Amino acid sequence: MSNQQIAITLPDGSVRQYPIGVTGMNIAMDISEGLARNVLAAKVNDEVWDAERPIDGDASVALLTWKDRDGKATFWHSSAHLMAEALESLYPGIKFGIGPPIENGFYYDVDFGDMELSADELPKIEECMRQLAREKNSFQRTDISKKEALKYFKDKGDEYKLELLQDLEDGTISFYQQGNFTDLCRGPHIPNTGFIKAIKLLNVAGAYWRGDEKNKQLTRIYGITFPKQKELSEYLELLEEARKRDHRKLGKELELFAFSEKVGMGLPLWLPKGTRLRERLEQFLRKAQVKAGYDPVVTPHIGGKNLYITSGHYEKYGEDSFQPINTPNEGEEFLLKPMNCPHHCEIYKVRPRSYRELPLRLAEFGTVYRYEQHGELHGLTRVRGFTVDDAHIFCRADQVKDEFLKVIDLTLFVLKALNFEDFTAQLSFRDPENKEKYIGEDEVWNRAEREITEAAGEKQLNTVTEYGEAAFYGPKLDFMVKDALGRIWQLGTIQVDYNLPERFELEYVGADNQKHRPVMIHRAPFGSMERFVAVLIEHCAGNFPLWLSPEQIAVLPISEKFHDYAQSLYTRLEAQDITGFVDQRDEKIGRKIRDAELKKIPFMLIVGEKEEQQQLVAVRKHGTGDLGQMSTDNFIQLVQQEIAAELDNN
RNA sequence: GCCGACGUAGCUCAGAGGUAGAGCGCUUCCUUGGUAAGGAAGAGGUCACGGGUUCAAAUCCCGUCGUUGGCUCCA
């Protein structure tokens, strides 16, 4: 090491002098031994490096530990290598695809040849990984020429790595070796495998090489690791908790919805309680929409083939959707509607429109049917028949921005009323590489994308931009929310559309007595009732806000003698639109309370001799406990106040 | 659509070639009770469906359907 000094700037702004060739690890050691024990990698001038990689000039350096996002990613990336090492030692001759870190853990795609890996073998692989981790092998980086790298993998017979190498430039290629395992890898890695203390391989799945379904399918093994056993246990508990919130499980337990093989896959049946919940949500939005100037409409579930030829749906999706329905005699063809917009366009066209009636906002809870690949169906979040809280706003070009902003407000109002705070607004734009997937002129698309971006900016939404996520007729602003298992779903959506008005030749007469083309905005604050309810169930773990609860109260008579009083009480509450049931089973009160608690019913009204004599109710709140006695009127007031508070936090 | 796993009572699950099991739920009876499970009895199954192997299949093999973890797709 030469004694030439370089200046290292640390995140706190302090600058230290070190000899050239100093490593992140050296610096950590210099700061404290504890830090050195925990340092996983170093961020050098905003690039993540191995902690042991020498730094050869002035630089800003941040030492990364488990607490850092990049530290975790490095840790998991190294864990993927460790898993690969274990796999190679257990199953010699297998070939490797890619093995990146992901949001929670890592995976590696492996070609096992003719062998099938069963999930039963995961513990064995884990054990092998633990042994290898104990060896504390360091991850050694070697820069290697492309020629040598190609030779290495040719000799090894790994065509996947060879394919990856094709795309790499000579001079930028590095190998990493730990123990007996060598991999093509840009790095960085943690100092040695000994940092990996807790290991869990989670599942095995198929994945196409390079994500292309034309390619061979590899076996993907998912795993997660931690520096401490305790962190793994906590993570597994979290997973367990998430499973408890799964809307498919709660939907069954709380009798909200069901599926039937006979009805067909992906076609949900809404049970009475689920329907009550759903209708409350609908009412809530209907009210808000009346206030916002929407006009409700109703249209049929099918539409003539020509409607969809006009709209462009037929050309775009006719082949991969439910096939047409034919009339027996005339041979007419109808399609199940995949969207409500064509019908709404026809409503717009029933008569000539004046600029004075714009914006025209047509709203419908419209049920649509889309053919989804069977492997893609998932509970209520991905189904083949669902109801969109749809509306189409027909407006003048100069009204687009303002209308768009109003729709953002409405969507935020809905999300806020249901306590969804953790969402991102995704600008879903056209894939510039793949324009033939979309209909409409460039100019029109650019304009719509610009308007959406501006509106989102004005509302200061937390946005991400995704190219290739647009609808085929226009760009979208999508509100993305996570479910219990961390999967991200699109709920609300707002879309500007210059194309359908063109295709349907929509017009209005302007102040200048000339014909003009309106612009359409498609929007759905919930997205669909099905997906929204699913995510809502997981969001509140089945403990719905009082105003939405399908069963708000359970009246629990202490014994049979008080059934009449309980029933009269219930009748009175029902008249106030407070719904639930009277538990007239021949059970003790403790049992009735337990069952009502498990059904997550917000309020229990316990009535016995004392209550009947004094015309009171003993109130018990779900998850809280006994609130004491009160008059029925006071209880009604309590409920009404709580509902008002829930709906008033906007 | 692709790769893997799974499908047994209403629900949650055990059983792995030889008479179909448990807990909860349900029905009836006893019990009439005060803030998270009172007691007893009973009903309930073509072990998803269709083929095959076998003296014998819920169990082993093949196919279909459905569910499920991913991948691809998604108006």
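These numbers come from a predicted model, not from an experiment. In the text below, chain A, chain B and the rest are named by the order of the sequence lines, each starting its count at 1.
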Are there over 12 heavy-atom neighbours, none belonging to A:Y467, within less than 6.0 Å of that residue's OH?
no
Between the side chains of A:Y314 and A:E333, is a donor N or O closer than 3.5 angstrom to an acceptor N or O?
no
Taking pairing as Watson-Crick or G-U wobble with both contacts under 3.5 Å, can you name the mate of B:C29, or confirm there isn't one?
B:G39
Students often get this wrong, so: under 4.0 angstrom with heavy atoms, is A:T219 touching a base, only sugar-phosphate, or nothing?
nothing
Applying the 3.5 Å cut-off to both distances, the Watson-Crick or G-U partner of B:G23 turns out to be B:C11
Whether A:R220 contacts B:G4 is assessed here as follows: a side-chain N or O lying under 4.0 Å from the phosphate OP1 or OP2. Is that the case?
no
Grab the CZ-C1' distance between A:F259 and B:U67 for me, whole Å please.
11 Å
If you only use heavy atoms from C-beta on, which nucleotide in B:G34, B:U68, B:U12 is closest to the side chain of A:R248?
B:U68
I need the OH-P distance between A:Y108 and B:G70, as an integer number of Å.
22 Å
With a cut-off of less than 4.0 Å, is there a side-chain N or O of A:R585 near OP1 or OP2 of B:U27?
no
Kindly state which residues belonging to residues 526-534 of chain A come within less than 4.0 angstrom of RNA chain B, counting heavy atoms of the residue only, listed by number.
none
Is B:U68 paired to anything, Watson-Crick or G-U wobble with both distances less than 3.5 Å, and if yes, which nucleotide?
B:G4
State plainly whether the residues A:E642 and A:K621 are in salt-bridge range, i.e. N to O under 4.0 Å.
yes
Find the distance between CG (A:D390) and CZ (A:F365) and round it off to the nearest 0.5 Å.
10.0 Å
Base-pairing assignment for B:A16 (Watson-Crick or G-U wobble, both under 3.5 Å):
none
Any carboxylate oxygen within less than 4.0 angstrom of a Lys/Arg side-chain nitrogen, looking at A:E127 and A:K124?
no
Considering only heavy atoms, which members of residues 608-627 of chain A lie under 4.0 Å from some atom of RNA chain B?
A:G608, A:E609, A:K610, A:E611, A:A618, A:R620, A:D626
Atom CZ of A:R370 to atom C1' of B:C74: distance rounded to whole Å?
9 Å
Which whole number of Å gives the distance between the C1' atom of B:U67 and that of B:A57?
24 Å
Rounded to whole Å, NZ of A:K561 lies from C1' of B:U32 at a distance of 6 Å
For B:G70, is there a stacking contact with A:Y222, counting only centres under 5.5 Å and planes under 30°?
no
Could you check which nucleotide pairs with B:C49 in any of the strands shown, counting Watson-Crick or G-U wobble with both distances under 3.5 Å?
B:G63
Whole-angstrom distance between B:A40 and B:C47, as gauged at atom P
31 Å
Quick one: is A:K337 getting a side-chain N or O under 4.0 Å of the B:A75 phosphate, OP1 or OP2?
no
Check the angle between the aromatic planes of A:H522 and A:Y473 and answer parallel, tilted or perpendicular using the 30° and 60° thresholds.
parallel
Provide, to the nearest angstrom, the distance between the CG atom belonging to A:D431 and the P atom belonging to B:C73.
11 Å
The Watson-Crick or G-U wobble partner of B:C73, with both key distances under 3.5 Å, is none
As a test of reading the structure: which of B:G69, B:U67, B:C2 is closest to the side chain of A:Y208, going by heavy atoms?
B:C2
Which is more 5' along RNA chain B, the nucleotide nearest A:K476 or the one nearest A:G264? Just name the residue.
A:G264
Would you please classify the geometry between the A:W270 ring and the A:F257 ring as parallel, tilted or perpendicular, with 30° and 60° separating the classes?
tilted
When you get a sec, tell me which of B:A75, B:C74, B:A36 is the closest nucleotide to the side chain of A:E597?
B:A36
Going by atom types alone, do A:Y498 and A:E441 pair a side-chain donor with an acceptor below 3.5 Å?
no
Whether over 12 other heavy atoms sit under 6.0 Å from A:K600 NZ:
yes
Looking at the side chain of A:A471, which of B:U32, B:A75, B:G1 is the nearest nucleotide?
B:A75
Could you work out the separation of B:U46 and B:G42 based on their C1' atoms and round it to a whole Å?
23 Å
Counting side-chain heavy atoms from C-beta on, which of B:G33, B:G69, B:A75 comes nearest to A:I558?
B:G33
Between A:R210 and A:E163, is there a salt bridge with N-O shorter than 4.0 Å?
yes
Exceeds 12 heavy-atom contacts within 6.0 angstrom, atom CD of A:Q323
yes
Between B:A75, B:G1, B:C73, which nucleotide gets closest to the side-chain atoms of A:M339?
B:A75
Is A:H374 close enough to B:U68 that one of its side-chain N or O atoms is under 4.0 Å from OP1 or OP2 there?
no
Between B:A16 and B:C11, how many Å separate the two C1' atoms, rounded to a whole number?
23 Å
When rounded to the nearest Å, what value does the distance between P atoms of B:A5 and B:G44 take?
36 Å
Whole angstroms only, please: what is the CD-C1' distance between A:Q373 and B:C2?
9 Å
A:Q217 has its side chain closest, among B:C2, B:G1, B:U32, to B:C2
More 5' along RNA chain B: A:D595 or A:Y371, using each one's nearest nucleotide?
A:Y371
With rounding to whole Å, what would you report as the distance between B:G39 and B:G10 at their C1' atoms?
24 Å
Return the CD to NE2 distance between A:E88 and A:H81, rounded to the nearest 0.5 Å.
12.0 Å
Between B:U12, B:G70, B:G66, spot the one nearest the side chain of A:E261, thanks.
B:G66
Rounded distance (Å) that lies between atom P of B:C73 and atom CZ of A:R210:
15 Å
Would you say the ring centers of A:Y348 and A:H392 fall short of 6.0 Å from each other?
no
Aromatic plane relationship, A:F96 with A:Y108 - under 30° parallel, 30 to 60° tilted, over 60° perpendicular:
perpendicular
Crowded around A:E609 CD? As in, over 12 foreign heavy atoms under 6.0 Å?
no
From the set B:A36, B:U12, B:G1, return the single nucleotide nearest to any side-chain atom of A:L598.
B:A36
For B:C29 and B:U35, measure between their P atoms and round to the nearest Å.
27 Å
If pairing means Watson-Crick or G-U wobble with both distances under 3.5 Å, then the partner of B:A56 is none
Are more than 12 heavy atoms, taken from residues, nucleotides or ligands other than A:E505, located less than 6.0 Å from that residue's CD atom?
no
Does A:K216 make a side-chain N or O approach to OP1 or OP2 of B:C2 shorter than 4.0 Å?
no
List, with names and distances, any nitrogen or oxygen atoms from the protein found under 3.5 Å away from nitrogen or oxygen atoms belonging to nucleotides 38-42 of chain B.
unit_1: B:G38; atom_1: OP1; unit_2: A:R591; atom_2: NH1; d: 3.3

How far does the C1' atom of B:C65 sit from the matching atom of B:U27, given to the nearest Å?
34 Å
Taken to the nearest whole Å, CZ/A:R594 to P/B:C24 is 11 Å
Please work out if A:G375 contacts a base, only the sugar-phosphate, or nothing of the nucleic acid, heavy-atom cut-off 4.0 Å.
base
